[in-house]
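A quick write-up on the structure given underneath.
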Amino acid sequence: MSIDPTLLDDLEWRGLIAHSTDLDALREALAGGSVRFYVGFDPTAPSLHMGNLVQILTAKRLQDAGHTPYALVGGATGMIGDPKESGERTLNSLDTVKEWVERVRRQIEPFLSFEGANAATMVNNYDWTASLSTIDFLRDVGKHFPVNRMLSRDVVRSRLDAGISYTEFSYVLLQSLDFLNLYRDHGVVLQFGGSDQWGNLTGGVELIRRAAGGKAHAFATPLVTKADGTKYGKTEGGALWLDAEMMSPYAFYQFWLNVEDEKVGELLRIFTFLPRAEIEEIEAEHAEKPFLRAGQRALAEHVTTLVHGPEETERIKAASAALFGGGDLATLSAATLGAALREAGSASVDGDEDLPAVVDLLVATGLAKSKGDARRTVAEGGAYLNNARVEDPDHVPGPDDLIDGTWLVLRRGKKNFAGVEVR
RNA sequence: GGCAGGUUGCCCGAGCGGCCAAUGGGAGCGGACUGUAAAUCCGUCGGCUUUGCCUUCGAAGGUUCGAAUCCUUCACCUGCCA
C-alpha cells in the first residue's frame, strides 16, 4: 500500500482538523510511511450515531491513504463514563456494556479493511484495564497527572459547582493509558477523536512523553452542529442512529435530505468521499439553484449508501420519489406504493371488519403518540388521508379510499408518511 | 456526623393551602409562507370512552372540606462545618 501524500491537505480542506498537536510534525510522520493510529468509541448506547460516524469515516480516510487503524471499543472506559457538561452519567452494568461493545464493534467493522499490509485491528481497552491493580494504576499512571491541570479542563471546571464524581474525574487517566499501551505494544503514534475529546487526546500524548519519553500526535475533528450552532439530533427520539433498528434507513435518508442549505457543503466534505472537485461543483450548482436541493440529494444518497448500502438506498430513493413526487397517489400500483410505504413505516389491519377511525390509524402507524395527540393533529389540520386533509377525527375510511384495493396513505404534517395495509 | 438549601411535565425554570394539568423560555409538533431549506408569524404541547373524567409536581404516610404548596419519615443532590 502506497502512502497518499495529500491526506493531510485533504483533511484540512474538509475541515476535519479542529485542533491538533504540532501539525508539521504530524505531516512529517504521515509522509514517512504507514502510521499506526487509533480512535476510540465508548459503548454509551446500543448504537453509534452521527458524531461517531465522523470518526469512523475519518479512520477510513486515513486507512485509504495507507495508514494503519486500531479501532478501540471502550469496554473499560464505557464502565466509567466520560464527563460531560450536563452532569453525571448513570453507570451501566458490565453485562450491558459488554453487549453494547459487541454491537458497536459490528457497526465499525464494515467501514474498515482487515486485510493487506495496513489491515485494521479491533482492540478493547477492557483487556488491559480489567486486571490492572489499583496500586499499579495510581503509581504508574496517576503519578503523571497533576490534579491542578486536570481541574483546569473545561468539562471538569464546568462541573465543579454541580459536582463531579472521582470516577468521571479519573476518566482521562484511563483513556491516556490506552494511548500509552497502544504506543508501547503496537507502535501507535496518532490518536484522533471529536473536539470534545481534546483534553483526553492531549492527556495521552503527554502521558506517552512523560512515561515513555515518546513523541505522539493527536488531532480533533470538529463538532458538527446545525446552522444556528445547536446540536443535531433533535429528530425523532433523539440522536441520528446508525443502527437500522433504532432509526429506519428511510428516516436516516430523510434527515440528510432535509439539512439546511448553509450546511450542505460542510456536511458533504465531512460525510462523503466525493473528491474535492465534485463537491465544489455540487456546491456551485446548489448556490445557484438551491430549490433543486442538489446538495441535499447528493448528501443523502452518499451517506445513506455508506451506512445502509446501495440496495437499501435505491429502495429509499424510489420510495421518496413516490411519496414526495407530487403526483396522484391513486395512479400508483399497490406494489409500488407498498414498497414505498414499507420504507416509510406502515401498519396492517384486517379488512374483513370495519376499518378503524382515522385517530386510531394515526396511533397505529406511529404518526401520533397517543389518541389525544392524534385528535389534536386533526384539529390543527395536520392529518391527511391519501393526501386530502382530514376534518373529522372519527372519520372511518371506506372501501373507496383504498388505493388499488389495498393501501391507505396517512400523512402527518408536510412530510411524515405512513401506510396502512388492509388485508 | 452537624447546619443550611434543593428535588416540578422532554430540558431550564415559576408556583408556596382552593382561581393548578400547573406561569414563562427552549426543544418538539401542526398551520401559513416556501424549495421535503432557512427566517418569520400563528396555534399546540399528560392521558382518556374528550363540553366531562382520570393520573401527575423525588417516595411513603399524615393534617385539611380541599395540598405541587403545611407536617413526619425516607431517598438522592448541593454548599458550609466536623
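Chain identifiers are assigned alphabetically (A, B, ...) following the order of the sequence lines, protein sequences preceding nucleic acid strands; residue numbering begins at 1 within each chain. Since this is a predicted model, take the numbers as computed values, not measurements. What you see below is based on every heavy atom in this structure, not just the backbone, and it leaves out hydrogens, waters and symmetry mates.
A salt bridge links Asp9(A) to Arg27(A): at least one charged side-chain nitrogen sits closer than 4.0 Å to a carboxylate oxygen. Using a cut-off of 4.0 Å between Lys/Arg side-chain N and Asp/Glu carboxylate O, Glu109(A) and Arg106(A) are scored as not salt-bridged. Taking the charged nitrogens against the carboxylate oxygens, Asp64(A) and Arg61(A) have no contact shorter than 4.0 Å, which rules out a salt bridge.
Look at rG58(B): its Watson-Crick or wobble partner, with both distances under 3.5 angstrom, is rC74(B). When Watson-Crick and G-U wobble pairs are counted only if both distances are under 3.5 Å, rG66(B) pairs with no nucleotide at all. Base pairing annotation: rC29(B) forms a Watson-Crick or G-U wobble pair with rG43(B), both donor-acceptor distances under 3.5 Å. Of all nucleotides present, none satisfies the Watson-Crick or G-U wobble test against rC19(B) with each distance under 3.5 Å.
Ring pair Phe417(A)/Phe324(A) is perpendicular by interplanar angle, where above 60° counts as perpendicular and below 30° as parallel.
Nearest nucleotide to the side chain of Lys371(A), out of rA37(B), rU49(B), rG31(B): rU49(B). You'll find that the side chain of Ser370(A) is closest to rG47(B), out of rG47(B), rA37(B), rC29(B). The side chain of Arg375(A) approaches rU50(B) more closely than any other nucleotide in the set rU50(B), rG31(B), rA37(B).
Straight-line distance between the C1' atoms of rA60(B) and rC76(B): roughly 15 Å, to the nearest whole Å. For the P atoms, the distance from rG18(B) to rU23(B) is 15 Å, rounded to whole Å. Taking atom P on both nucleotides, rG25(B) is separated from rC70(B) by 27 Å, rounded to a whole Å.
Taking atom CZ on Arg411(A) and atom P on rC29(B), their separation rounds to 15 Å, with Å as the unit. Nucleotide rU34(B) holds its C1' atom 15 Å from the CD atom of Glu260(A), rounded to whole Å. The distance from atom CD of Glu288(A) to atom C1' of rA37(B) is 17 Å, rounded to the nearest whole Å. Protein atom CH2 of Trp256(A) is 17 Å distant from nucleotide atom P of rA37(B), rounded to whole Å. As a whole-Å value, the separation of Asp394(A) CG from rU50(B) P is 8 Å.
Proximity of Lys414(A) to the phosphate of rC29(B): no side-chain N or O atom is located under 4.0 Å from OP1 or OP2.
Base engagement by Arg293(A) is indicated by at least one non-hydrogen atom pair under 4.0 Å involving a base atom. Contact annotation for Tyr384(A): backbone-only contact, meaning every heavy-atom pair under 4.0 Å involves sugar-phosphate atoms and none involves a base.
Considering only residues two or more places apart in sequence or on other chains, Asp10(A) meets the salt bridge (charged side-chain N to carboxylate O under 4.0 Å, His left out) condition with Arg14(A).
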